[in-house]
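Heads up: the structure comes next, in structure tokens.
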Amino acid sequence: MRVTVIGTGYVGTVTGACLAYLGHRVTCVDVDADKIARLQRGELPIYEPHLSELLGEAAVRGGVDFTTELAPAAAESDVIFIAVGTPPGPGGEADLSYLESAARGIGAAMDAGRFRVVVNKSTVPVGSGNLVEALLREGIRDTRPAEEKQTHFGVASNPEFLREGCAIADSLYPERIVLGAEDERTLGTLRELYRPLTEQSFAAPSYLPRPAGVTGVPLVATTLTSAEMIKYAANTFLATKIGFANEIANICERVGADAKEVMVGIGLDSRIGSRFLNAGLGWGGSCFGKDIQSLLHTAGEYGYQARLLEAALAVNRAQRQIVIQKLQEKLFILKGRTIALLGLAFKPDTDDLRDAPSLQIAERLLQLGARVKAYDPIAMPACRAQNPELKIQYCESAFDAVRDADGAVLVTEWDEFRTLDLAKLASLMQQPILVDGRNIYDPEAAVRAGLDYSGIGRSTRQRVAPVRVP
Ligand SMILES: NC(=O)c1ccc[n+]([C@@H]2O[C@H](COP(=O)([O-])OP(=O)(O)OC[C@H]3O[C@@H](n4cnc5c(N)ncnc54)[C@H](O)[C@@H]3O)[C@@H](O)[C@H]2O)c1
């Protein structure tokens, strides 16, 4: 099929590359001329494992190109994806201005020549499908009023569930595809588009073999509204689950239980499940925070107060401050101290810093008068460019960052930090204080290595004194 993807961010670029890999002819469009120029030169504006290889193969298979010109691509396409950003507005509501501008642009490009399906892949509040339809009609009416009645199109919602860092695998081997549409023709077009995925009939890339047991992908067909809600329900559930783990961890810490052990103990219950039960600094990234806020805003529009979601947001905000408290407990005064941050990205295998806990932690440390050194394997250039006001000293390695530091905070659980020589780390520091914000180290091993270790909700066994019977 002929496909246009609007927005070449984390979602749009991956979606475009995967659809072209499956054999569709794809054009990716963005208003950011610099991004498009880089993509045309074969450079990636984002860090995502395997995306570069996949784009190379996609160009040969279905074909993929990049442009700032929406109209010619949209006019020729059977399916047009909207994958633009929907950042939070001042009151927490999703800012739909990018979506609106994309929808108007598509409308202005549509003619009676073919049936087209316009698909919302951006995370958008309930009702946005209707808004897109209205804007498309306006666009057609303004540009080709004579063709309005003969111009046929469908609007669908196809929420995206990819995770940055493993976005290609998530797109080629998804656990489900959700399609919200109100008519069979629209749904049929998208079923056809996704057939190679649902039937898993494509040849898997050599660097991402098909996982054992993946023989097909369920397609969940719903109404537009349900599809829009599914995305918010999924993200707010996961954010709440992490918040729950942190809440329990904070209690564990006070009573002398080990949060990691507790999470293993509850996670093996299949009704609970072990994923997203990691206590730590809380979630960050471009989605959870904005999606909770957006859903709270929607609920508010209907006069409903979603208390559980409010609490999940509040628990996460507080969680980021826990690191500062732990450093204050150890060092008392942070003014003039040097604190090393290991990791900046909101999670491993991405350079995305949107709503990253590292930024708030660095900001607070700097406010308190500390010097902040940092090392991240991938996200340092992005951090430097996006946050020039943060006076962080960027370092060449984790060891470089902790050298002569009074404390270190493990912020992002990059693989290379898991295997760090902790004894060397301790020996390089002025004061060997380590706050393990992701609970990746064994507390006893860290203490043996000479570190003054604290995790989130963890106790080293030697702290546990037996209860004496009088
Ligand atoms: N990043 C994720 O992991 C993820 C996962 C699932 C869903 N989502 C959702 O997908 C959407 C996109 O997220 P993202 O992280 O890819 O965003 P992003 O900010 O990385 O990319 C958005 C792109 O859209 C472009 N754009 C904005 N207006 C445009 C227009 N009118 N025409 C053409 N291009 C335009 C921007 O220049 C930018 O390059 C959001 O709604 C997000 O919530 C994101």
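Numbering of ligands and ligand atoms starts at 1, following listing order. Bear in mind the structure is a predicted one, so any value in this text is a computation, not a measurement.
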Does an N or O anywhere in [X] fall below 3.5 Å from an N or O of ligand 1?
X: Asp352; value: no
X: Lys231; value: no
X: Glu160; value: no
X: Lys121; value: no
X: Asp32; value: no
X: Asp291; value: no

Atoms in ligand 1 flagged as close to [X], the criterion being non-hydrogen separation under 4.0 Å:
X: Leu162; value: 3 (O), 5 (C)
X: Ser101; value: 31 (N)
X: Lys35; value: 38 (C), 39 (O)
X: Ala102; value: 31 (N)
X: Gly7; value: 23 (C), 24 (O), 25 (C), 34 (N)
X: Glu164; value: 1 (N), 2 (C), 3 (O)

Salt-bridge criterion met for Arg185 and Asp183 (N-O under 4.0 Å): no
For atom 29 (C) of ligand 1, tell me which residue out of Val84, Asp95, Thr123 has the closest non-hydrogen atom. Val84
Any chance [atom1] of [X] has more than 12 other-residue heavy atoms, nucleotides or ligands included, within less than 6.0 Å?
X: Arg41; atom1: CZ; value: yes
X: Glu175; atom1: CD; value: no
X: Tyr98; atom1: OH; value: no

At a 4.0 Å cut-off, with the gap strictly under it, does some heavy atom of Arg163 reach an atom of ligand 1? no
Look at [atom] and say which protein heavy atom is nearest, naming residue and atom and giving the distance to 0.1 Å.
atom: atom 21 (O) of ligand 1; answer: Gly9 CA, 3.2 Å
atom: atom 25 (C) of ligand 1; answer: Asp30 OD2, 3.3 Å
atom: atom 44 (C) of ligand 1; answer: Val11 CG2, 3.3 Å

Between Ser77 and Ile80 the two heavy atoms that sit nearest each other are CB-CG1, 3.8 Å
For Asp376 and Ile378, indicate whether the former's side chain and the latter's backbone hold a donor-acceptor pair under 3.5 Å. yes
So is Arg61 actually on top of Tyr21's ring, under 6.0 Å and inside 45° of the axis? yes
Could you tell me whether the side chains of Arg116 and Thr151 share a donor-acceptor contact shorter than 3.5 Å? no
Heavy-atom pairs closer than 4.0 Å: do any link ligand 1 to the side chain of [X], the backbone, both, or neither?
X: Ser286; value: side chain
X: Arg354; value: side chain
X: Ala167; value: neither

Pairwise distance CG(Leu219) to CZ(Arg195) - rounded to 0.5 angstrom: 10.0 Å
The single option from Asp30, Ile46, Thr68 that satisfies side chain to side chain contact (heavy atoms under 4.5 Å, CB included) with Lys35 is Asp30
Please evaluate residues Asn439 and Glu413 with respect to the criterion side-chain hydrogen bond (donor to acceptor under 3.5 Å, both in side chains), reporting the C-alpha separation (whole Å), side-chain torsions for both, the decisive distance (0.1 Å), and the verdict. CA-CA 9 Å; Asn439 285 346; Glu413 63 276 37; over 6 Å; no
Only one of Lys290, Lys347, Arg320 clears salt bridge (Lys or Arg N to Asp or Glu O under 4.0 Å) with Asp355; which? Arg320
